[in-house]
*Asks:* 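Below is the structure I would like to discuss, written out as structure tokens.
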There are 2 protein chains.
Amino acid sequence: MERADAARNRARILEAAAELFAARPPHEVTMDDIAKAAGVGRGTLYRRYPDRASIAVALLDEHERELQERLLRGDPPLGPGAPPAERLAAFYAAMVRLLEDHAHLVLGSEVGRTRFQTGAYGFWRAHVRSLLVAAGTPRPDALVDTLLAPLAPEVYVFQRSDLGLGMDEIVEALTRLTRVL
Amino acid sequence: MERADAARNRARILEAAAELFAARPPHEVTMDDIAKAAGVGRGTLYRRYPDRASIAVALLDEHERELQERLLRGDPPLGPGAPPAERLAAFYAAMVRLLEDHAHLVLGSEVGRTRFQTGAYGFWRAHVRSLLVAAGTPRPDALVDTLLAPLAPEVYVFQRSDLGLGMDEIVEALTRLTRVL
DNA sequence: TGCTTAAATGGACAACGTGTCCGCTTAGTG
DNA sequence: CACTAAGCGGACACGTTGTCCATTTAAGCA
């Protein structure tokens with residue numbers, strides 16, 4: 001039972017933050033900017049979102065949920081039914097799509113160590129781990145994060161912007177990783 | 001021709017910074033802390049090192065140089081002479097060693113996008129790329145950063161500290177990646 | 001509708017870190 | 001010893017952060 005004004009402000013904040021994050025690099029957007037753009041006071045903003053990261057996480061949430069749904073119950077090769085290696089390749093392709101569309105948001109959600117502590121990372125981790133297990137790969141725990149590492153947003157942005165690689169080239173390189181299964 | 005007092009202060013700064021970085025997380029160490037610990041003024045500190053990252057880079061420099069030297073002119077399998085896949089595995093093992101000893105410093109050198117812009121990353125990149133070329137791997141450029149991604153310090157710290165994996169387990173997982181050659 | 005209450009608001013405020021600036025000091029040179 | 005330019009260091013101004021609390025407002029109830 002969230003109060004009406006609270007719900008309205010939450011929506012305003014997310015909308016304003018999305019625009020600001022799209023317009024300029026995340027670390028140039030201050031909490032004050034977001035509060036001003038949303039037309040709310042600092043206190044109101046901090047009440048819900050203690051830092052930029054939590055705002056970006058909230059914004060990403062729906063997109064991630066959708067992919068998670070397709071991983072669990074979608075059609076093969078993304079969903080259940082296909083061989084593990086193919087499912088991993090499909091997962092890589094889908095994640096690249098997600099990064100392409102929302103890399104700026106992911107970068108806004110405070111890159112670095114915190115990435116591993118989000119619920120989303122836990123989900124990707126569990127998914128890939130289950131694929132490794134299904135493929136009969138020994139000692140999956142050591143390998144999971146190794147296979148997930150190239151999906152770090154910084155890596156993607158570097159490959160895409162600084163190196164000028166295309167999405168397809170990146171997906172192709174990731175696909176080659178599935179040989180380790 | 002660096003003045004004697006300048007050289008003395010540079011040494012003091014690096015020594016103090018090394019201690020502080022070892023004692024607590026990098027982002028809790030302020031430039032002011034370093035200046036105070038080194039017994040120099042803010043201006044003196046900023047004259048040489050405009051931010052924490054540049055200090056950490058300077059601290060890492062010697063360790064990285066040593067490994068770079070061994071890659072270029074050391075004994076196989078790290079140095080020239082061994083098959084590319086074995087050299088890559090040896091490189092992984094050596095990097096894990098470096099991370100184990102100095103991860104806190106690497107983390108101090110401002111994690112994230114900047115990592116890719118350091119000279120050191122360029123060196124690792126060129127090395128791995130040459131191994132891919134030597135192995136006859138097609139389209140090496142897309143694959144290099146994919147193979148380098150699991151060596152991001154955040155990933156290593158997560159595997160080592162949060163997951164409790166051992167060095168050998170991580171090295172073993174990385175070694176499995178060399179199959180893509 | 002009017003009353004009550006607890007949640008929600010927003011802006012002022014203190015604390016902190018950053019980076020710069022400039023008068024003073026000191027090393028190096030002839 | 002004197003001169004000069006490089007080096008020094010701390011004060012300062014600025015921007016950001018996170019908290020606090022007096023005021024407002026939504027929602028439930030008589």
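Here is the naming used below: chain letters follow the sequence lines, and residue numbers restart at 1 for every chain.
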*Asks:* Answer with base, sugar-phosphate or nothing: what part of the nucleic acid does N9(A) contact at a heavy-atom distance below 4.0 Å?
*Replies:* sugar-phosphate
*Asks:* Under 4.0 Å between a side-chain N/O of R48(B) and OP1 or OP2 of dG9(D), yes or no?
*Replies:* no
*Asks:* Tell me, please, which residues at least two apart from E66(A) pass salt bridge (Lys or Arg N to Asp or Glu O under 4.0 Å).
*Replies:* none
*Asks:* Going by the angle between their ring planes, with limits at 30° and 60°, are H102(B) and H104(B) parallel, tilted or perpendicular?
*Replies:* tilted
*Asks:* Quick one: label R10(A) by what it contacts on the DNA or RNA (base, sugar-phosphate, nothing), any heavy atom closer than 4.0 Å.
*Replies:* nothing
*Asks:* Angle class for the F116(A)/F158(B) ring planes (parallel below 30°, perpendicular above 60°, tilted otherwise)?
*Replies:* parallel
*Asks:* Look at T44(B) and dG7(D) and indicate whether a side-chain polar atom (N or O) is within less than 4.0 Å of OP1 or OP2.
*Replies:* no
*Asks:* Would you please confirm or rule out a distance under 4.0 Å between OP1 or OP2 of dT17(D) and any side-chain N or O of R52(A)?
*Replies:* yes
*Asks:* With the sugar-phosphate defined as primed atoms, P, OP1 and OP2, and the base as all remaining atoms, what B/S/- string results for nucleotides 22-30 of chain D, 5' to 3', for protein heavy atoms under 4.0 Å?
*Replies:* ---BSS---
*Asks:* May I ask you to decide whether E172(A) forms a salt bridge with R139(B), counting only side-chain N to carboxylate O separations under 4.0 Å?
*Replies:* yes
*Asks:* CH2 of W124(A) to CE of M95(A): how many Å apart, nearest 0.5 Å?
*Replies:* 5.0 Å
*Asks:* Between T30(B) and dG17(C), is there a side-chain N or O to OP1/OP2 distance below 4.0 Å?
*Replies:* no
